[in-house]
Amino acid sequence: ELIVAAYYPQIFPKTLLEIPRLGAINAHPGDLPNYRGTFAIPWSILNGEKNITSTLHYIDAGVDSGDVIAKKSFAIQPDETGFELYQRAMHFSAQLVMDSFPDFVAGKLGRQPQVGHGSYFNQLPKRYHIDWHQKCELLQRQVRVHAKPYLPTYCFLINHCIYINRISILTNSESSAHGSGVITKVYPDKRFAVACADGWVVVEDYEMAPGFDNSLFPLYFTVGARLD
């Protein structure tokens with residue numbers, strides 16, 4: 001009678017779509033026709049969106065191009081990681097399907113063709129080597145998208161790799177006094193600040209590889225040390 005899909009990365013063949021009497025519908029985490037494709041969630045963060053929209057739409061031969069049935073938006077939290085938003089969007093999209101289902105089956109919901117070319121966002125690189133010459137906000141978005149359980153963003157300090165899971169932006173920084181990628185402050189709890197293109201960020205959560213004894217920390221993390 002009906003096919004319901006969500007977060008399925010393959011295109012259904014026409015022969016399958018012709019079977020169900022009520023058609024095939026999909027819950028997509030993007031404001032169609034914008035944010036088509038399987039990577040709408042991380043690109044929403046990278047593009048600085050404040051909200052994300054779940055769209056319930058008919059499945060056709062294209063990629064997220066079928067007629068729209070219903071939409072609902074919710075806010076993206078300022079520090080939300082890509083994985084956290086993915087989980088929340090899955091639940092939100094499932095709720096949209098459940099809320100719309102009775103009226104859909106009863107034939108009370110119309111269908112609105114998608115207008116315009118829209119946008120399609122392809123896969124991101126699985127790993128991201130930090131470019132400290134970026135602006136603080138853009139760098140923070142990259143860290144959020146790649147944070148655990150994905151492969152965190154990374155950089156190098158001497159002969160060690162630093163995997164970074166969370167950073168914050170230091171609003172009262174003195175960006176003109178330091179070059180990008182230079183450690184500008186080291187805190188007692190082992191957090192540290194780094195200069196970027198337009199200010200400083202504080203590295204809040206990170207891991208070293210290979211690890212080292214705590215007694216070596218002051219030798220590596222010093223003001224003026226440069227991250228590559």
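Keep in mind that this is a model prediction, so the values were computed, not measured.
Between Asp67 and Arg111 a salt bridge is recorded (basic side-chain N to carboxylate O distance below 4.0 Å). Contact check on Arg141 versus Glu137 returns a salt bridge, with a Lys/Arg side-chain nitrogen under 4.0 Å from an Asp/Glu carboxylate oxygen. By the 4.0 Å N-to-carboxylate-O rule, Arg144 lies too far from Asp79 to be salt-bridged with it.
Trp43 contributes no side-chain N or O that, together with a main-chain N or O of Gln123, makes up a donor-acceptor pair within less than 3.5 Å. Remark: the backbone N or O of Leu32 is paired with a side-chain donor or acceptor of Lys71 at under 3.5 angstrom. In this structure, Glu84 contributes its side chain and Thr81 its backbone to a donor-acceptor pair below 3.5 Å. When atom types are taken as modelled, the side chain of Thr153 and the backbone of Tyr128 share no donor-acceptor pair closer than 3.5 angstrom. At distances below 3.5 Å, at least one donor-acceptor pair connects side-chain atoms of Arg226 with backbone N or O atoms of Ser180. With hydrogens and angles ignored, the 3.5 Å screen pairs no side-chain donor or acceptor of Glu49 with any backbone N or O of Ile41. Asp198 places a side-chain N or O within 3.5 Å of a backbone atom of Cys136 that can act as its donor or acceptor partner.
Between atom CD1 of residue Ile52 and atom CD1 of residue Ile76 there is a gap of 5.0 Å, rounded to the nearest 0.5 Å. Distance check: Asn26 CG to Asp64 CG gives 6.0 Å after rounding to the nearest 0.5 Å. Note that CG of Asn34 and OG1 of Thr53 are 9.5 Å apart. Values are rounded to the nearest 0.5 Å. If you take CG on Leu22 and CG on Leu2, they are separated by 5.5 Å, rounding to the nearest 0.5 Å. Residue Asp228 holds its CG atom at 11.5 Å from SG of Cys161, rounded to the nearest 0.5 Å. Note that the OG atom of Ser93 and the NE2 atom of His91 stand 10.5 Å from one another [nearest 0.5 Å].
Between Thr222 and Val186, every side-chain heavy-atom pair lies at or beyond the 4.5 Å cut-off. Under the 4.5 Å side-chain criterion, counting only non-hydrogen atoms from C-beta, Ile130 is not in contact with Leu227. In this structure the side chain of Lys72 never reaches within 4.5 angstrom of the side chain of Gln95, judged on heavy atoms. Val194 has its side chain out of reach of Val182: every pair of non-hydrogen atoms, C-beta onward, lies at least 4.5 Å apart. Side-chain contact between Tyr150 and Val145 is absent, with no heavy-atom pair separated by less than 4.5 Å. Taking the side chain as every heavy atom from C-beta outward, Leu16 and Ile3 approach each other to under 4.5 Å. Inter-residue side-chain proximity for Leu109 and Ser100 is flagged as met; some heavy-atom pair is nearer than 4.5 Å. Inter-residue side-chain proximity for Trp132 and Val201 is flagged as met; some heavy-atom pair is nearer than 4.5 Å.
You'll find the ring centres of His28 and Tyr7 outside the 6.0 Å limit.
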Practice problem: Start with the C-alpha distance between Tyr35 and Tyr120, add both sets of side-chain angles, then the distance that settles ring-ring contact (aromatic ring centres under 6.0 Å, His included), and finish with yes or no. | Solution: CA-CA 5 Å; Tyr35 286 99; Tyr120 177 84; over 10 Å; no
- [ ] With side chain to side chain contact (heavy atoms under 4.5 Å, CB included) as the test, would you mind laying out the steps for Arg166 and Tyr206 before giving the verdict?
- [x] CA-CA 7 Å; Arg166 185 164 63 91; Tyr206 63 96; over 6 Å; no
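The shortest heavy-atom contact between Ile25 and Ile59 is O-CD1, 3.6 Å. When every heavy atom of Thr55 is checked against every heavy atom of Gly30, the shortest pair comes out as OG1-O, 2.6 Å. In terms of heavy atoms, Asn51 sits closest to Ala75 at OD1-CA, 3.3 Å. Closest non-hydrogen pair, Ile167 versus Gln140, comes out as O-NE2, 3.1 Å.
A donor atom on one side chain and an acceptor atom on the other are found under 3.5 Å apart for Ser65 and Asp60.
In the hydrophobic clustering of ILVMFWY residues, with side-chain heavy atoms under 4.5 Å counting as a link, Ile69 and Val97 come out together. Under the 4.5 Å side-chain heavy-atom criterion for grouping Ile, Leu, Val, Met, Phe, Trp and Tyr, Ile164 is connected to Phe212 within one hydrophobic cluster. The hydrophobic cluster containing Ile11 does not contain Tyr58, counting ILVMFWY residues as joined when their side-chain heavy atoms lie under 4.5 angstrom apart, directly or transitively. By the criterion of side-chain heavy atoms lying less than 4.5 angstrom apart, applied directly or through intervening Ile, Leu, Val, Met, Phe, Trp or Tyr residues, Trp200 is not grouped with Phe221; the two fall into different hydrophobic clusters. A continuous path of Ile, Leu, Val, Met, Phe, Trp and Tyr side chains, each step under 4.5 Å between heavy atoms, connects Phe74 with Ile45, placing both in one hydrophobic cluster.
Using cut-offs of 30° and 60° on the angle between ring planes, the pair Tyr163 and Tyr154 is tilted. Under the 30°/60° scheme for interplanar angles, the aromatic rings of Tyr8 and Phe12 are found to be tilted. Ring orientation note: the planes of Tyr220 and His160 are nearly perpendicular, at an angle over 60° on the 30°/60° scale.
Both the sub-6.0 Å distance and the 45° axial angle are not jointly satisfied by Arg36 relative to the ring of Phe121.
The salt bridge (charged side-chain N to carboxylate O under 4.0 Å, His left out) pairs that include a residue from residues 178-191 are Asp189-Arg191, Arg191-Glu204, where partners are two or more places apart or lie in different chains.
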